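Following: one structure in structure tokens, then a few remarks.
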Amino acid sequence: MVTRGFTGRARSASDAVPPGQYVTADFPVLTAGPTIAIEPEEWELTIGDGATSKTYDWDDLHGLPMVTITTDIHCVTHWSKRDTTWEGVSISTLFDDAGVDDLPFALVSSYGGYTTNLPVADLVDRDAMIAVRFDGGEIAAEHGGPARLLVPHLYLWKSAKWVRDIRLSDDEQQGFWETAGYHNYGDPWREQRYYSD
Amino acid sequence: MAGSVRRALGWRTATVVDSIAETATARSLGLDVAAWSGHAAGQHVDIRLTAEDGYQATRSYSVSSGPGEAPQITVERVDDGEVSPYLVDVAEKGDTFEVRGPIGGYFVWEPAAQPLVLIAGGSGIAPLRAMWRAGTLRAPITVVYSARDVDRLIFRDELDSDATLAVRVHLTREQRPGFRSGRVGIDDLNEVIDARVAPAIYVCGPTSFVESVSRHLLTLDVDRRTIRTERFG
């Protein structure tokens with residue numbers, strides 16, 4: 001259906017982003033509720049599988065090998081940001097260190113109460129990390145600092161800000177947006193925005 | 001919660017049936033959407049425009065009409081935007097585009113007896129209008145609205161004439177009798193929040209506005225679970 005009078009932008013810039021996305025140079029903030037303020041000294045992250053669990057503070061996390069990735073990120077509100085650089089600890093490194101079993105499902109919780117769910121395979125087989133630096137600096141609080149989950153191949157609501165807990169389980173439990181009408185998996189390339197996509 | 005009966009969210013045709021210039025840079029478009037299921041106050045729609053060569057652009061816009069009313073969006077033109085200039089400057093009655101929704105189960109308000117405090121920056125007033133139009137007389141409603149100057153005020157007549165609303169308008173770039181000048185500060189919020197009655201608080205606007213207001217609210221020891229936010233830009 002052609003929209004009378006609509007021409008749109010030059011076409012070349014958006015070729016490499018998923019369908020329905022546009023490229024922005026800004027870094028918009030989408031958070032359900034107020035920004036959470038946590039100092040690195042008070043931040044902790046617990047990894048658990050129901051039998052084994054391990055809690056990391058800021059120094060513990062920095063004692064693990066760090067990786068740096070440059071990747072595009074995609075928000076379900078239609079913006080994509082190209083070539084963002086993140087430094088942190090890969091989830092597979094973290095799970096190995098914690099000694100947890102790779103049970104099939106993960107529920108991620110944040111300071112402030114936010115939750116999101118995703119398959120463990122998407123955390124350990126791809127580029128997922130606990131990120132502590134963005135584009136060479138600390139991660140600002142409104143973008144999830146001091147530490148956030150980053151799962152760049154899924155819509156950004158899966159990349160929980162202010163991450164504090166990852167619980168592995170045999171049973172899938174849906175998170176905040178997943179129970180509020182958004183897609184359970186959230187693959188941008190398949191445009192899985194809402195529950196029926 | 002809205003959308004408890006879930007049906008597939010497909011793209012449907014919307015026809016522009018009403019067009020209101022709210023300000024020099026903002027416009028409300030009334031839409032006729034086939035089989036519109038009704039919406040909750042605060043929900044949004046995705047709008048998809050298609051060019052002659054098949055190129056498409058999609059953006060999300062809040063519904064600014066009340067539940068039970070026909071769907072309406074209110075759009076502020078973003079100068080380097082792609083969809084908003086079309087909606088504000090080009091779309092006319094009879095034009096059609098695609099719409100999907102209503103969407104969203106978080107930044108929504110359902111009728112309740114507790115006081116409601118609606119805090120908007122700029123075009124963030126759009127979803128809040130849906131809320132005050134949904135409001136019940138049992139629930140006192142306060143609107144705190146910040147805009148650059150008086151010419152940028154959207155829904156000004158409605159805010160002036162609706163006696164059920166307690167309205168405080170801040171102008172950040174203009175001084176004028178009857179308006180507060182400057183940004184919404186902690187004292188301004190302290191005046192409208194009565195912590196003893198635990199109001200439901202909705203904040204919508206540009207990121208910097210929402211960050212500032214929600215920080216102030218937390219400083220006032222407002223329970224963060226009572227604050228719902230929606231940011232843009």
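Note that the coordinates shown come from a computational prediction; the quantities given were computed from them, not determined experimentally. Quick note on labels: first sequence line is chain A, next is B, and so on, each numbered from 1.
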Heavy-atom cut-off 4.5 Å, strictly under: side chain, backbone, both or neither for [X] against chain A?
{"X": "B:Ile103", "answer": "side chain"}
{"X": "B:Leu218", "answer": "side chain"}
{"X": "B:Glu230", "answer": "neither"}
{"X": "B:Arg100", "answer": "side chain"}
{"X": "B:Glu211", "answer": "side chain"}

| query | Quick one: are A:His78 and B:Ser60 in side-chain contact, heavy atoms under 4.5 Å? | reply | yes
| note | Among residues 137-155 of chain A, those lying within the under-4.5 Å heavy-atom range of chain B are A:Glu142
| remark: By residue number, those in residues 30-58 of chain A with heavy atoms under 4.5 Å from heavy atoms of chain B are A:Leu30, A:Thr31, A:Ala32, A:Gly33, A:Pro34, A:Thr35, A:Ile36
[X] side chain to [Y] main-chain N or O, any donor-acceptor pair under 3.5 Å?
{"X": "B:Glu82", "Y": "A:Arg9", "value": "yes"}
{"X": "A:Arg4", "Y": "B:Val90", "value": "yes"}
{"X": "A:Ser196", "Y": "B:Leu9", "value": "yes"}
{"X": "B:Thr50", "Y": "A:Thr3", "value": "no"}

| said: Within the supplied structure, the quantity of interest is the number of heavy atoms (other residues, nucleotides, ligands) at a distance under 6.0 Å from A:Arg126 CZ; does it exceed 12? | reply: no
| said: Are more than 12 heavy atoms, taken from residues, nucleotides or ligands other than B:Arg183, located less than 6.0 Å from that residue's CZ atom? | reply: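 At most 12 heavy atoms, drawn from other residues, nucleotides or ligands, come within 6.0 Å of this atom.
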| query | What's the verdict on side chain to side chain contact (heavy atoms under 4.5 Å, CB included) for B:Thr58 and A:Gln21, showing C-alpha distance, side-chain angles and the deciding distance? | reply | CA-CA 7 Å; B:Thr58 309; A:Gln21 298 293 108; over 6 Å; no
| message | Just verifying a value: how many Å separate A:Met1 CE and B:Arg12 CZ, rounded to the nearest 0.5 Å? | response | 13.0 Å
| From A:Trp177, A:Trp157, A:Tyr182, residue fulfilling ring-ring contact (aromatic ring centres under 6.0 Å, His included) relative to B:Tyr106 |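 Going through the options one by one, the only one that passes is A:Trp177.
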| Can you tell which of B:Arg215, B:Arg59, B:Arg225, B:Arg48 has the highest number of heavy-atom pairs within less than 4.5 Å of chain A? |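 The residue among B:Arg215, B:Arg59, B:Arg225, B:Arg48 with the greatest pair count is B:Arg59.
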| task | Please work out whether the ring planes of B:Tyr86 and A:Phe6 are parallel, tilted or perpendicular, with thresholds of 30° and 60°. | result |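 The arrangement is perpendicular - the two ring planes meet at more than 60°.
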| Top of A:Val2, A:Thr77, A:Thr24 for chain B proximity - count of heavy-atom pairs under 4.5 angstrom | A:Val2
